[in-house]
Amino acid sequence: QVQLVESGGGLVQAGGSLRLSCAASKRTANAYARAWFRQAPGKEREFVTGITWNGGSTYYADSVKGRFTISRDNAKNTVYLQMNSLKPEDTAVYYCAAGRQVIMRVERYDYWGQGTQVTVSS
């Protein structure tokens with residue numbers, strides 16, 4: 001069993017930046033693709049970005065391309081999400097996930113973190 005713990009959420013003004021971290025409890029998580037999803041109130045959980053196990057490929061939702069960057073440090077069992085030029089519509093709970101491959105479907109991921117709140121004020 002792999003546990004994922006997110007951190008770094010908070011309140012920021014529009015145009016600002018935040019960096020989220022997702023630490024895994026076991027090195028075995030390094031063999032998994034990792035992704036970030038988000039869920040706004042009253043909406044379904046949606047794919048934000050994903051990265052392959054070795055960091056060789058990354059994928060982004062159109063809504064965050066050019067503003068968000070995902071990266072991973074397997075020596076630290078940690079994945080990061082750098083969020084720049086934040087908009088009020090980025091407000092959501094952000095979840096870290098681990099799965100066999102990067103895919104946009106929620107049900108294809110094996111492990112999830114508890115989520116961290118990101119609030120962007122206008």
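Computed over heavy atoms, backbone and side chain alike; hydrogens, waters and symmetry mates excluded.
In terms of heavy atoms, Cys22 sits closest to Leu4 at SG-CB, 3.9 Å. Considering all non-hydrogen atoms of both residues, Ala14 and Ser122 come closest at CB-CA, 4.3 Å. When all heavy atoms of Ala40 and Ala92 are compared, the closest pair comes out as N-CB, 3.8 Å. Minimum interatomic distance between Val2 and Ala24 (heavy atoms only, all atoms of both residues): CG1-CB, 4.2 Å.
Hydrophobic clustering, with ILVMFWY side chains joined whenever heavy atoms are under 4.5 angstrom apart, groups Val102 together with Met104. If you chain together hydrophobic residues whose side chains sit under 4.5 Å apart, Val79 and Tyr95 never meet in one group.
Going from atom CE of Met83 over to atom CZ of Arg38 covers 9.0 Å, rounded to the nearest 0.5 Å. Atoms CG and CZ, from Asn74 and Arg34 in turn, are 8.0 Å apart once rounded to the nearest 0.5 Å. Distance CG/Asn54 to CG/Asn30: 11.0 Å, rounded to 0.5 Å. With rounding to the nearest 0.5 Å, the separation of CZ in Arg108 from CD1 in Ile103 is 4.0 Å. Distance check, rounded to the nearest 0.5 Å: NZ of Lys76 to OG of Ser21 gives 9.0 Å.
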| request: Dump the intermediate steps for side chain to side chain contact (heavy atoms under 4.5 Å, CB included) on Asn84 and Leu18, then the final yes or no. | output: CA-CA 7 Å; Asn84 298 329; Leu18 282 175; over 6 Å; no

| side chain to side chain contact (heavy atoms under 4.5 Å, CB included) between Gln82 and Ser17, worked out | CA-CA 7 Å; Gln82 178 66 43; Ser17 298; 4.0 Å; yes

| query | Leu81 and Thr69: side chain to side chain contact (heavy atoms under 4.5 Å, CB included), yes or no, with the steps? | reply | CA-CA 6 Å; Leu81 178 61; Thr69 303; over 6 Å; no

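Between the side chain of Lys26 and the backbone N or O of Gln3 there is no donor-acceptor pair closer than 3.5 Å. Of the possible donor and acceptor atoms, one in the side chain of Thr52 sits under 3.5 Å from a partner among the backbone N and O of Ser57.
Note on residues 17-69: pairs passing ring-ring contact (aromatic ring centres under 6.0 Å, His included), not counting sequence neighbours, are Tyr32-Tyr111, Phe37-Phe47, Phe37-Tyr109, Phe37-Trp112.
The shortest side-chain heavy-atom distance between Thr119 and Val12 does not fall under the 4.5 Å cut-off. Residues Val118 and Val120 meet the side-chain proximity criterion, which asks for heavy atoms closer than 4.5 Å.
Partners of Gln114 according to the side-chain contact (heavy atoms from CB on, under 4.5 Å) rule, which considers only residues two or more places apart in sequence or in another chain, are Val5, Glu6.
Between the side chains of Asp73 and Thr78, no donor-acceptor pair of N or O atoms lies under 3.5 Å. Thr91 and Glu89 are not linked by any side-chain donor-acceptor pair at a separation below 3.5 angstrom, with hydrogens and angles left out of the test.
A cation-pi arrangement is present between Arg19 and Tyr80 under the rule of less than 6.0 angstrom and at most 45 degrees off the ring axis.
Using a 4.0 Å cut-off between charged nitrogen and carboxylate oxygen, Lys87 and Asp90 do not count as a salt-bridge pair.
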